[in-house]
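Everything numeric here is computed off the predicted structure, so don't read it as measured data. The first residue in the sequence is number 1, and the count goes up from there.
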Amino acid sequence: FLFVNNINSSPIKFKNLNGTVWNASFNLVLINGSSVINFLDCEYYKWSLSKLIFLNKVKLRTICAQNNRTLLTVEGNFEKVKINLNKINLDNSKLSFLLPSPYNAIEFSGITNISFPEISLNIDKNSITLNDEKISIIVTDLSTNLFPSNLGTYKIIGNYADKNIKYSVETVSGSLSVYGNGIINHKMHSFSGYAENVDDSPKLDNFMNLLGSWENLNRKKIIKLNF
């Protein structure tokens, strides 16, 4: 129940919960009641919980009911459980759903791959503690109609700590170099960093004018990214 309450403090909510604690189905919706399909590739889920829980053994499996793909498994006991969440693939066109104005007005393409490590939860009477495991996100071949070639590929590493997700962004390759750090919780999302035109492309400069104002950083011409 602590875990469910944590989820329900986020922008995503449960809806149409049906069944029993052993076998149930539900929809995920955004806080305003609209579909999550513009963000996640699944919105209708089913879970099954083993009755071995009466013997202090936790075994839970959640699937996407639309294609029977396993999304989440939880195994362990009342003191400690291990959570495995499958890799999520998103089309980069959905990035605009996450970004604030004016960045959400830019239509992106490419693929984002989100990989989750195995997470161990240590459960006591008052709290749930997540180990300092990292979430890896690779934004591959990010591109937009506003620039004729790929902007780049980027790596985002996140940590969950104190009910916040703290993350860093670094550039793997590409003409648009982006670096910075951000923090996400159920109340806010903030990011501070910069973007640089490493190839000095005039066409990329025109695109970067949409991202913010130009500044100098260590004798380099950059765009500050703050939201």
Side-chain angles (χ1 to χ4, degrees), residues 1-99 104 107-123 128 130-131 133-141 156 158 160 163 165 167 184-187 189:
F1 286 114
L2 285 173
F3 184 61
V4 169
N5 286 337
N6 265 325
I7 291 176
N8 271 339
S9 67
S10 74
I12 297 176
K13 303 289 186 181
F14 284 102
K15 189 179 181 182
N16 302 326
L17 183 60
N18 294 299
T20 69
V21 71
W22 312 114
N23 292 281
S25 62
F26 61 93
N27 289 89
L28 288 183
V29 297
L30 300 181
I31 194 169
N32 62 6
S34 61
S35 171
V36 298
I37 207 66
N38 288 327
F39 175 49
L40 301 174
D41 59 356
C42 185
E43 59 181 347
Y44 180 48
Y45 300 85
K46 290 183 178 180
W47 88 60
S48 60
L49 175 65
S50 170
K51 293 184 180 180
L52 289 174
I53 197 168
F54 292 119
L55 301 175
N56 192 27
K57 294 183 179 179
V58 179
K59 190 171 184 180
L60 183 144
R61 180 172 178 254
T62 302
I63 66 169
C64 174
Q66 292 157 232
N67 54 24
N68 289 322
R69 177 168 60 90
T70 298
L71 298 173
L72 176 74
T73 59
V74 180
E75 295 189 25
N77 54 43
F78 290 161
E79 287 73 44
K80 187 174 183 178
V81 295
K82 291 184 177 180
I83 296 178
N84 283 289
L85 185 62
N86 276 354
K87 180 185 289 187
I88 297 175
N89 298 318
L90 301 176
D91 190 282
N92 284 344
S93 62
K94 297 172 183 177
L95 292 178
S96 59
F97 178 81
L98 299 172
L99 298 173
N104 58 6
E107 193 170 323
F108 293 105
S109 59
I111 296 294
T112 292
N113 301 303
I114 306 176
S115 298
F116 301 88
E118 183 179 86
I119 300 175
S120 295
L121 272 75
N122 300 304
I123 306 171
I128 294 178
L130 275 72
N131 289 348
E133 298 280 3
K134 291 181 171 58
I135 300 170
S136 174
I137 303 174
I138 305 295
V139 182
T140 305
D141 296 333
I156 303 170
Y160 182 88
K163 296 185 179 181
I165 297 176
Y167 68 93
I184 302 172
N185 58 39
H186 69 279
K187 294 182 179 179
H189 174 200

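Taking CD of Glu43 as the start and CG of Asn27 as the end, the distance is 6.0 Å to the nearest 0.5 Å. How far OG of Ser136 is from CD1 of Ile114: 9.5 Å, rounded to the nearest 0.5 Å. Summarising the geometry, atom CG belonging to Asn23 is positioned 12.5 Å from atom CG belonging to Asn18; distances are rounded to the nearest 0.5 Å. Atom CG of Leu85 is separated from atom CG of Leu71 by 7.0 Å, given to the nearest 0.5 angstrom. Atom-to-atom distance recorded for Thr73:OG1 and Asn86:CG is 7.5 Å, nearest 0.5 angstrom. Taking SG of Cys42 as the reference point, atom CG of Leu28 lies at 8.0 Å (rounded to 0.5 Å).
A search for ring-ring contact (aromatic ring centres under 6.0 Å, His included) contacts involving Phe26 returns Phe14, Tyr45, Trp47, not counting sequence neighbours.
Here side chain to side chain donor-acceptor pair (under 3.5 Å) pairs that include residues 48-72, with residues two or more places apart or in two chains, are Asp41-Arg69, Arg61-Thr70.
Of the residues Thr112, Asp141, Thr140, the one that meets the side-chain hydrogen bond (donor to acceptor under 3.5 Å, both in side chains) test with Asn92 is Thr112.
Taking the side chain as every heavy atom from C-beta outward, Phe108 and Asp91 never approach each other to under 4.5 Å.
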